[in-house]
Structures are given as C-alpha cells and as structure tokens.
Amino acid sequence: MKQNLLDLFQRRHACHLFQADKALAPEDLDFILEAGRLSPSSFGLEQWKFLVLTQSADKQALQQACFDQPQVGSASAVVVILARIADMDPDSPHLRRLMAREYPDPAALEGALKNYRDFHAATDVAAWSSAQCHIAAANMMTAAAGIGLDSCAIGGFLPDRVCALLNIDPARELPALILPLGFCAHEGGEKQRLALDEIAEYR
Ligand SMILES: Cc1cc2nc3c(=O)[nH]c(=O)nc-3n(C[C@H](O)[C@H](O)[C@H](O)COP(=O)(O)O)c2cc1C
C-alpha cells in the first residue's frame, strides 16, 4: 500500500501537452470529481465549485486566458475550480445550511455562527477559499494518476479574463485553479524535489 501510493505520487507529473483527440470516459471524469468532492475543507464548508469544460471551442478560448498554455486547449476535459466567496458570508443561506449540518441544535448553530463571523471578518476570504480548492485539486490530480490519466495544475491565468469568458461574477466566485485532464503526449521527466532532510525537521 505504501509503495503503491508512493508510485502514484511519482507517476503524477505536470503534463504540458495532451493528446487532443482522446475523450475521457464520463465515469472517469466523475471519479476524479468525486475525489475532489470528498476532500477536506476548513470548517467543512466545501469552498469549491467544479466547472467542467469538454467542448473544444471552450477549451481553446480558456487557453487564451491562460497565457496560451497548450495543455489547456489540448486536454480532454478542463476543470475550472471556483472558490466560493459570497457563499462564505456569515449571513448567506448557503453558509447557514452547511454549518447546520455540523450543528443541528439551533443554539449550538448560533454559537458556531458567532465564532465564524469573527473568523470571517479577520480572514482574506478569497485566499482562504482558494486554499481549500487547492486541496481538492491535489486529490483530483492524485485520483487521475491512480486511473492512468494525466493532469496539470494551472495557476497561470488571468482571473478577470477567466471570469468574463465563463460568465462568473467575481463578487460571488473566483477561479482558484484550472485543472486540464487527459492523456499526456509526453513522458514525465525525473522528479525534482528537495531531499526530505532539507524540508522536514523533527523536534
Ligand atoms: C498551484 C499550482 C499552479 C501551477 N501552475 C502551472 C501553470 O500555470 N503552468 C504549468 O505548466 N504548470 C503549473 N503548475 C505545475 C508545476 O509547475 C509542477 O507541478 C511542478 O513544476 C512540479 O512538477 P511535477 O508536477 O511534474 O512533479 C502549477 C502547480 C501548482 C501546484
């Protein structure tokens, strides 16, 4: 099991060009999205939304908003991970609904909402929400690798252009990360990572 997981982490690599003519099986796409859905998140608030593009014209247009990176247009599917902003407002019905899952008792819910209100006021909500989306993205990339598919996290995009293209209201949601998926057209290179003793310290 340990070795299988390590092999998976070794196998996953950033794919810079996909085989554009290949489609993803719908059940494989669902499997990857499910890995994102089951991800952990701060307060359990699932700050993400997954916008899935499979049409060639949509992917090509999105590539233009991503500094013309060819892995976007050539991917079989592109998941645009949106960070929820307005839904994280302490007064939003969505927020209340999600908090009530953990605090079904009305008095406990009000207490939790009061604490959350303080947290929210002191937090950069876009950065916080986006951080949760990155956790979901990591799980989706690992899941993709687990079924022999490739991916590339794309942080290189122009948020304003992505919002305009996809008709996203930036007051409600912001693109956190773009995740092209498919069949890579090249091999992954050797993993470049610092040694464990350079990054981990036991105290
Ligand atoms: C948040 C984030 C943003 C990234 N943005 C891009 C990007 O815009 N374009 C790109 O080609 N790779 C991008 N990458 C991929 C990294 O360059 C890559 O993961 C890193 O170089 C390590 O290589 P590996 O994934 O093949 O192990 C991004 C990765 C992360 C985690």
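FYI, the numbering just counts along the sequence from 1. One-based numbering, in listed order, for ligands and for the atoms of each.
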Do Ile147 and Met140 share a hydrophobic cluster, counting only Ile, Leu, Val, Met, Phe, Trp and Tyr and linking them when any side-chain heavy atoms are less than 4.5 Å apart?
yes

Among protein heavy atoms, which lies nearest atom 30 (C) of ligand 1, and at what distance?
Ala153 CB, 3.7 Å

Can you find a heavy atom in the side chain of Ser130 that is under 4.5 Å from one in the side chain of Leu174?
no

Geometry only, no angles: is Gly155 polar-contacting ligand 1 at N/O separations under 3.5 Å?
yes

Got a donor-acceptor contact below 3.5 angstrom from the His134 side chain to the Leu177 backbone?
no

Considering all protein heavy atoms, does one lie under 4.0 Å from atom 20 (C) of ligand 1?
no

For side chain to side chain contact (heavy atoms under 4.5 Å, CB included), just list the numbers for Leu113 and Leu95, CA-CA rounded to whole Å, side-chain angles, deciding distance to a tenth of an Å, and then say yes or no.
CA-CA 9 Å; Leu113 282 171; Leu95 189 280; 3.5 Å; yes

Give me the residue, atom name and distance of the protein heavy atom closest to atom 11 (O) of ligand 1.
Gln71 NE2, 3.0 Å

Is any N or O atom of Gln69, backbone or side chain, closer than 3.5 Å to an N or O atom of ligand 1?
yes

Has the side chain of Gln47 got a donor or acceptor atom that lies under 3.5 Å from a matching backbone atom of Val125?
no

Does ligand 1 have an atom under 4.0 Å from some heavy atom of Gln192?
no

Is the shortest distance from a Lys or Arg side-chain nitrogen in Arg11 or Asp150 to a carboxylate oxygen in the other one below 4.0 Å?
yes

Given side chain to side chain contact (heavy atoms under 4.5 Å, CB included), test Leu149 with Leu181 step by step and report yes or no.
CA-CA 7 Å; Leu149 295 172; Leu181 298 163; over 6 Å; no

Please classify the Arg11 to ligand 1 contact at 4.0 Å (heavy-atom distances, strictly less than): side chain, backbone, both or neither.
neither

How close does the nearest protein non-hydrogen atom get to atom 17 (O) of ligand 1, and which residue and atom is it?
Ala14 CB, 4.9 Å

So if I count the atoms of ligand 1 from 1 in the order they appear, which ones are less than 4.0 Å from some heavy atom of Cys152?
10 (C), 11 (O), 12 (N)

Specify whether the nearest protein heavy atom to atom 14 (N) of ligand 1 is under 4.0 angstrom away.
yes

State, yes or no, whether a side-chain contact exists between Arg161 and Gln64 at a heavy-atom distance under 4.5 Å.
yes

Please indicate whether any nitrogen or oxygen in Leu177 is less than 3.5 Å from any nitrogen or oxygen in ligand 1.
no

Measure the distance from atom 27 (O) of ligand 1 to every protein heavy atom, then report the residue, atom name and distance (to 0.1 Å) of the closest one.
Lys191 NZ, 2.7 Å

Near His16, which atoms of ligand 1 are under 4.0 Å from a heavy atom of that residue?
11 (O)

Least distance between heavy atoms, Ala14 atom then Cys152 atom
CB-SG, 3.9 Å

If the plane angle is over 60° it's perpendicular, under 30° parallel, otherwise tilted; pick one for Trp128 and Tyr116.
tilted

Could you go through the side chain to side chain contact (heavy atoms under 4.5 Å, CB included) check for Leu82 and Leu166 one step at a time?
CA-CA 11 Å; Leu82 299 174; Leu166 300 174; 5.7 Å; no

If you scan the protein for heavy atoms around atom 5 (N) of ligand 1, do you find one that is closer than 4.0 Å?
yes

Can you sort out which atoms of ligand 1 are near Gly156, meaning under 4.0 Å from one of its heavy atoms?
8 (O)

How far is atom 23 (O) of ligand 1 from the closest protein heavy atom, and which atom is that?
Arg193 NH1, 4.1 Å

Using a 4.0 Å cutoff against the non-hydrogen atoms of Arg12, which atoms of ligand 1 qualify?
24 (P), 25 (O), 27 (O)

